[in-house]
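Only this structure's heavy atoms are used, side chains among them; waters, hydrogens and symmetry mates stay out.
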Amino acid sequence: VLLVLAVQATWVDKKYVTVWDEFGRYKPREIMEQVPHGTGEYRVAVPARGGFYELWKMRFFMDNRIVDAENEDRASRPVEEQEVFNQWARQPARYWQLASVKNVFLPASYAEKLDREVEWVKAFDVDAQGQIVSMERGKGPHAWLRLTHTLPRAAVYPAEIVSSRDALLRRLADPAWNPAGSVLITNAVDGMPAAGSFVPAVIASYSPNRVTIDVPAGAGGIVMLTDRYDPGWRVKVDGVRETLLRCNGIMRGVAVRPGARRVEFFYAPYMGSFAVSAAAVLIVLVWAIAGSLAKRRLRPQAVSDAARIGG
């Protein structure tokens, strides 16, 4: 066996052995130098599966990669979100624009269908050593695209009230709707400014469970953060709790009055069901402990009674 292994070792692809670390091998250094990829930056979309795309998703663009509408597990989401994602799966460029995607990496055959909505940065291939090779458009199997009118991660917008979920879906698909001109919401709240204008805001701090945004003076309207809406999120404006809004179908926002404001989104899910479960467990434990103590008190008496009967 050792002799066979020794012979086979002389045939092994030594070059492959030296590059077995796929994360290091396929690190897109050239792209990462040109694409900001920290939290709070514009996002990256990688709407393709398999090969080096999976490595890029898992390792290199985790902080700001957006979940792609066509790959989203819609069955696990609420019905209203499933409908929005179904709509955006047919309009991926509109989805990327609303989700603050600036750069997109995908197969060139798919990219050609989006020619009117994005600009090409380059066509490319990835060689056996994992290096990116620039190629002429039409010859490279992969494409790097850039959106020129994408929304920032946080900004202030005028509010546009839509009457129903169906009206929301129609407006999202309407080519005449300018996403930078208004935010679509289905519920008005007290104190919502009647008018406003598009003004970029500044993300002061960003963590998975808390995001702080500074709104410039003079801006009033809806502050929208292009992160996923969830009822477990809460929001404060200048330290005062306000109503969390569902914006553009799946994103979160809050109404603010004119003036310099600090908006804080923080995750604090409702604990009612957990409290009920904890109380039930506590009751069972108390009952079990009480039963155990009662048995211990009764046992000596039962033994003494048996001794008297036996005597």
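- A salt bridge links R43 to D227: one of the charged nitrogens lies within less than 4.0 Å of a carboxylate oxygen.
- Distance alone, capped at 3.5 Å, is enough to place a donor-acceptor pair between the E54 side chain and the G50 backbone.
- At least one side-chain heavy atom of I203 sits under 4.5 Å from a side-chain heavy atom of L225.
- In this structure, T186 and R165 have side chains that are not in contact, with every pair of non-hydrogen atoms separated by 4.5 Å or more.
- Annotation: side chain to side chain contact (heavy atoms under 4.5 Å, CB included) contacts of T150 (sequence neighbours excluded): Y42, K102, L147.
- Contacts classified as ring-ring contact (aromatic ring centres under 6.0 Å, His included) and involving residues 241-263 (residues at least two apart or in different chains) are not found.
- Separating the CH2 atom in W233 from the CZ atom in R246 is a distance of 14.5 Å, to the nearest 0.5 Å.
- The line from CG of L168 to CG of N248 is 7.5 Å long, rounded to the nearest 0.5 Å.
- Note: F124 and F105 have perpendicular aromatic rings, judged against thresholds of 30 and 60 degrees for the angle between ring planes.
- When every heavy atom of R171 is checked against every heavy atom of A176, the shortest pair comes out as NH1-C, 4.5 Å.
- The hydrophobic cluster containing M251 also contains I161, counting ILVMFWY residues as joined when their side-chain heavy atoms lie under 4.5 angstrom apart, directly or transitively.
- In terms of heavy-atom proximity, R90 sits nearest to P92 at C-CD, 3.5 Å.
- Between V237 and V254, some side-chain heavy-atom pair lies under the 4.5 Å cut-off.
- For the atom pair Y206 OH and R153 CZ, the distance stands at 4.5 Å (nearest 0.5 Å).
- The two residues A155 and P200 make their nearest non-hydrogen contact at CB-CA, 3.8 Å.
- Atom CD in E242 sits 11.0 Å away from atom CZ in F265 (nearest 0.5 Å).
- Residues P107 and A48 approach most closely at CD-CB, 3.7 Å, considering heavy atoms.
- Ring geometry for H142 versus Y53: interplanar angle over 60°, hence perpendicular rather than tilted (30 to 60°).
- The closest donor-acceptor contact from the side chain of Q97 to the backbone of H149 lies under 3.5 Å.
- No single ILVMFWY cluster, assembled from side-chain heavy atoms under 4.5 Å apart, contains both M135 and V126.
- Of all the heavy atoms in L172 and Q91, the pair that sits closest is O-OE1, 4.0 Å.
- With a 4.5 Å cut-off on side-chain heavy atoms, L145 and W120 count as touching.
- The shortest non-hydrogen separation linking L106 to A111 is CD2-CB, 3.9 Å.
- Considering only heavy atoms from C-beta on, V101 stays 4.5 Å or farther from V44 through its side chain.
- Looking only at distances, no side-chain donor or acceptor of D174 sits under 3.5 Å from a matching main-chain atom of R170.
- Atom-to-atom distance recorded for Y267:OH and R234:CZ is 9.0 Å, nearest 0.5 angstrom.
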Check against side chain to side chain contact (heavy atoms under 4.5 Å, CB included), V263 and V235: CA-CA 7 Å; V263 175; V235 62; 3.8 Å; yes
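- Applying side-chain contact (heavy atoms from CB on, under 4.5 Å) to V256 and the options I213, I222, V223 leaves one that passes, V223.
- Looking at residues two or more places apart in sequence or on another chain, you find a side-chain hydrogen bond (donor to acceptor under 3.5 Å, both in side chains) between R261 and D238.
- Put simply, the side chain of R94 reaches to within 4.5 Å of the side chain of P179, judged on heavy atoms.
- Rounding to the nearest 0.5 Å gives a distance of 6.5 Å between CG of L151 and CZ of F198.
- Placement of F85 and W177 within a single hydrophobic cluster is found when ILVMFWY residues are connected by side-chain heavy-atom separations under 4.5 Å, directly or transitively.
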